[in-house]
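Report on one structure; see the data block that follows.
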Amino acid sequence: LAKKKYTDQLRENADKMAEERILDILAGPSSETATRGRESFRDMLRQGLLDDQEIDVDVPTKPAQSDIDNSNPQIVAMSDFMQRLQSGGKKAQSERKKLPISEAKSIIAEIELERLLENV
């Protein structure tokens, strides 16, 4: 229940972070000298003109789903905890995929949202 509340609060922030990550991929890391080019990419991105462009994105691979009861939040939380213990606290596995920006935007936003929720 608390996770859902925080998810709603952090979604907009995660969307902004996803936009910045896409701009980093397209125009390089932000610097004062590259501001004008970055802003033009931002305008095109927001207008949807770049949705068909493909970019490389590190997509987390999901572990095999077990037969747990997803309706019980306590069991789900314990399952997540056990998976983290089994992985030894290592960073989740990911694979690099070439995706159109329209798809990559939502995936990156979800990754950023998960990062924000971990720090809550």
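Only heavy atoms go into these numbers, but all of them, side chains included; no hydrogens, no water, no symmetry mates.
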The side-chain hydrogen bond (donor to acceptor under 3.5 Å, both in side chains) partners of Asp43 (sequence neighbours excluded) come to none
Non-neighbouring partners of Asp56 that pass side-chain hydrogen bond (donor to acceptor under 3.5 Å, both in side chains), sequence neighbours left out: none
Do the side chains of Ile108 and Leu50 join up, straight or via other hydrophobic residues, at under 4.5 Å, putting them in one cluster? yes
Is Ile107 reachable from Leu26 through a run of I, L, V, M, F, W or Y residues, each pair having side-chain heavy atoms under 4.5 Å apart? yes
Could you work out, with side chain to side chain contact (heavy atoms under 4.5 Å, CB included) as the rule, every residue matching Ser102, not counting sequence neighbours? Asp51, Pro100
Scanning both residues in full, the closest heavy-atom pair of Ser40 with Gly37 reads OG-O, 2.8 Å
Could you walk me through whether Val59 and Leu99 pass side chain to side chain contact (heavy atoms under 4.5 Å, CB included), step by step? CA-CA 10 Å; Val59 179; Leu99 298 171; 4.2 Å; yes
Residue set satisfying salt bridge (charged side-chain N to carboxylate O under 4.0 Å, His left out) with Asp52, at least two apart, ordered chain then number -> none
How many angstroms lie between atom [atom1] of [X] and atom [atom2] of [Y], to the nearest 0.5 angstrom?
X: Ser106; Y: Ile111; atom1: OG; atom2: CD1; value: 9.5 Å
X: Thr7; Y: Leu117; atom1: OG1; atom2: CG; value: 4.5 Å
X: Arg11; Y: Asn13; atom1: CZ; atom2: CG; value: 11.5 Å
X: Ile101; Y: Ile55; atom1: CD1; atom2: CD1; value: 5.0 Å
X: Gln53; Y: Lys98; atom1: CD; atom2: NZ; value: 9.5 Å

What donor-acceptor contacts under 3.5 angstrom involve side-chain atoms of residues 16-25, with partners at least two apart or in another chain?
unit_1, atom_1, unit_2, atom_2, d
Glu19, OE1, Arg42, NH1, 2.8
Glu19, OE1, Arg46, NH2, 3.0
Glu19, OE2, Arg46, NE, 3.0
Glu20, OE1, Arg38, NH2, 2.8
Glu20, OE2, Arg42, NH1, 2.7
Glu20, OE2, Arg42, NH2, 3.1
Arg21, NH1, Glu112, OE2, 2.8
Asp24, OD1, Arg38, NH1, 3.1
Asp24, OD1, Arg38, NH2, 2.8

Going through the checks in order, is the salt bridge (Lys or Arg N to Asp or Glu O under 4.0 Å) test met by Glu110 and Arg115? CA-CA 9 Å; Glu110 285 300 317; Arg115 283 188 189 149; over 6 Å; no
